[in-house]
Amino acid sequence: MTSPAVAPKTFRITSLPGDGIGADVMEQGIRVLRAVEGRMEGVEFQVEAQAAGAGEYLRSGLALPEETFDACREADAVLLGAMGLPEVRLPDGKELTPQIDLRERFDLYAGLRPTYLYHSDDSPLRGYAAGEIDFVIVRESTEGLFSARLSAATSDESEVRDVLRITRKGSERVCRAAFELARKRRGKVTLVDKANVLPSMVFMRKVFDEVADEYPDVTTEHVYVDAAALFLVKCPEIFDVLVTENMFGDILSDLASGLIGGMGMAPSADIGDDCAVFQPAHGTAPDIAGKGIANPVGMILSVAMMFDWLPQLSGQGIRDAVGRALSKPEVRTPDMGGSLTTEQMTDAILLELDR
Ligand code: ATP
């Protein structure tokens, strides 16, 4: 998979609907993609769906078949629904996570998790108007505590260790991605670490400070992860770009989605040097799968992020349409206190695309 240097007329998108509500929200993401395509001159999307996930594992024994991997590599971008089911597990007890395999195999080191409040009613915090919660977590996505996931199963009944792995290369590149992003935003990067306790975090802070020297125009700060959890709830407006280790980013981005309406509202992008996968931040939500009530906004905003990443396209029109749709309090799915179905929610956003 390579990012085309010049916008081709045709973009090849591999879609991986996956499991649970993954397929429901994927359908809505593609509807929006097609609607935008119909409004653009000379741009065409070739979307090819491929199998991956827990359902595919049950069918073929592989959660990420090589054919699917190859299709992802050859595409200009990958759009992913959600993968994994709690009842489908590997012999060692872990859930299947082909989405993490993709991140690691394509070296997608920068996990971008934007958090933007579209309407004051959607936050459990009082007094925040639309746009007043607006930050991006940049989650390192190829090492950190998650690198322990591939360690061999142990038969030791008295002790198990998970190693938190931080490398200079991994830290440098994710910090650089955070600084570059901050330059396009409000110019501030917060390193979220635990450098008061863990040697790996002392090292990550050292590398962060070295990279910061290359960006004298960007304001920096260090915040311990426990304090970051507090500040995200007490005063999220202080943050612009936060960069952090894999597991801290995993946890804090769920917390962040809670500030703006829940998991259904949060998009994400996993970006490498020349490949990228776009997916809503939520999981497969087995509790609501098949009911037609999943919130498609996280997926639709992920399509917008894909447009931002593809050369010469922009996702801003999609974000504006989402903003206009959500300015009406009745335009909500049940997770946000409304009564719209997944499809009706997308209809409301599509209506706004032309306004
Ligand atoms: P994973 O571990 O794969 O990230 P998870 O176990 O953290 O998944 P999710 O599948 O994201 O959890 O679901 C958490 C809760 O949020 C569930 O109650 C689910 O119904 C709800 N939820 C998640 N996504 C959506 C959505 N798009 N629309 C409505 N509710 C959602």
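Just follow the structure's listing: the first ligand is 1, and inside any ligand the first atom is 1. Sequence positions, counted from 1, serve as the residue numbers for this chain.
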Report summary line: Residue shell for ligand 1, any heavy atom closer than 4.0 Å, reads Ile21, Met263, Gly264, His282, Gly283, Thr284, Ala285, Asp287, Ile288, Ala294, Asn295, Asp335
Query raised in the report: Is a side-chain donor or acceptor of Asp240 paired with a backbone partner of Lys188 at a separation under 3.5 angstrom?
Result: yes
Short N-O contact, [X] and [Y], less than 4.0 angstrom:
X      : Y      : result
Arg319 : Asp308 : yes
Glu159 : Arg161 : yes
Glu210 : Arg168 : yes

Query raised in the report: Within a reach of under 6.0 Å around CD of Glu180, are more than 12 heavy atoms found that belong to other residues, nucleotides or ligands?
Result: yes
Requested in this report: Using the six-membered ring wherever Trp is involved, compare the ring planes of Phe179 and Phe208 and label them parallel, tilted or perpendicular (cut-offs 30° and 60°).
Outcome: tilted
